[in-house]
Enquirer: 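Sharing a structure, written as structure tokens. Questions coming.
Sequence positions, counted from 1, serve as the residue numbers for this chain.
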Amino acid sequence: MTIAKPVEDALDLLGRRWALRLVWELRRSTLSFSELRGRIGISPSVLSARLGELVDADVLERDGGRRYRLTGRGRELARILYELNRWAQAPQQTGRT
């Protein structure tokens with residue numbers, strides 16, 4: 001039996017479909033299950049599973065009601081996604097150097 005490394009655990013969680021998109025959608029506001037479903041177009045069962053996984057990983061939390069928001073760890077991850085967004089928007093260079 002091997003002990004998983006933190007980066008492998010993170011990649012396993014964040015590599016699941018919709019996980020990073022949920023973090024991205026929650027980067028600026030607190031949203032309900034139905035609001036997230038409407039923005040993303042995800043099935044209720046998959047959305048419920050992903051939200052549960054992200055809550056268990058301390059990336060998201062519920063606000064005491066029916067809305068979800070990023071935790072401190074989630075906000076750190078959102079900052080990484082901002083950098084990924086900046087990278088994705090940069091013009092691609094052609095050719096190799």
Enquirer: Applying ring pair (Phe, Tyr, Trp, His ring centres under 6.0 Å), name anything that partners Trp18, two or more places apart in sequence or on another chain.
Expert: none
Enquirer: State whether the number of non-hydrogen atoms from other residues, nucleotides or ligands found under 6.0 Å of Arg62 atom CZ is greater than 12.
Expert: yes
Enquirer: With the side chain counted from C-beta on, respond yes when Leu14 and Leu77 share a heavy-atom pair under 4.5 Å apart, and no when they do not.
Expert: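 Side-chain contact under 4.5 Å: yes.
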Enquirer: Do Glu83 and Arg86 sit within salt-bridge range, that is, some charged N less than 4.0 Å from a carboxylate O?
Expert: yes
Enquirer: Under the side chain to side chain contact (heavy atoms under 4.5 Å, CB included) criterion, do Thr71 and Val55 qualify, and how do the steps go?
Expert: CA-CA 9 Å; Thr71 63; Val55 167; over 6 Å; no
Enquirer: Using a 3.5 Å distance criterion without hydrogens, assess whether the side chain of Arg27 forms a donor-acceptor pair with backbone atoms of Trp24.
Expert: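 Flag set: sc Arg27 to bb Trp24 pair under 3.5 Å.
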Enquirer: Is any side-chain N of the basic residue among Glu25 and Arg21 closer than 4.0 Å to the acidic one's carboxylate O?
Expert: yes
Enquirer: Following the transitive rule for hydrophobic clusters with a side-chain heavy-atom cut-off under 4.5 Å over Ile, Leu, Val, Met, Phe, Trp and Tyr, establish whether Val46 and Leu13 coincide in one cluster.
Expert: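 Yes: a chain of side-chain contacts under 4.5 Å links Val46 to Leu13.
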Enquirer: Measuring from Leu31:CG to Arg37:CZ, what's the distance to the nearest 0.5 Å?
Expert: 15.0 Å
Enquirer: Give a yes or no on whether the ring-centroid distance for Trp87 and Tyr82 is below 6.0 angstrom.
Expert: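 Not under 6.0 Å, so no.
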Enquirer: Return the minimal non-hydrogen interatomic distance between Arg50 and Arg17, and the atom names on each side.
Expert: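 What the structure gives for the nearest pair is NE-O, 2.8 Å.
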Enquirer: With a 4.5 Å limit on heavy-atom distance, are the side chains of Glu8 and Asp12 in contact?
Expert: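 Side-chain contact under 4.5 Å: no.
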Enquirer: For the pair Leu22 and Val59, evaluate side chain to side chain contact (heavy atoms under 4.5 Å, CB included) and give the outcome as yes or no after the intermediate values.
Expert: CA-CA 10 Å; Leu22 288 167; Val59 174; over 6 Å; no
Enquirer: Look up atom CG in Asp56 and atom CG in Leu51, then write down how far apart they are to the nearest 0.5 Å.
Expert: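 Answer for the CG-CG pair, Asp56 versus Leu51, is 11.0 Å.
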Enquirer: Which atom names give the shortest non-hydrogen contact between Leu70 and Ala78, and what distance separates them?
Expert: CD1-CB, 3.9 Å
Enquirer: Which is it for Ile42 and Leu36 under the side chain to side chain contact (heavy atoms under 4.5 Å, CB included) test, yes or no, and what are the steps along the way?
Expert: CA-CA 8 Å; Ile42 184 175; Leu36 286 165; over 6 Å; no
Enquirer: Give me each pair satisfying ring-ring contact (aromatic ring centres under 6.0 Å, His included) with a member in residues 41-70, each pair once, sequence neighbours excluded.
Expert: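 Qualifying pairs, neighbours excluded: none.
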Enquirer: So, applying salt bridge (Lys or Arg N to Asp or Glu O under 4.0 Å) with Glu61, which one of Arg67, Arg75, Arg69 is it?
Expert: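 It is Arg69; the other options fail the test.
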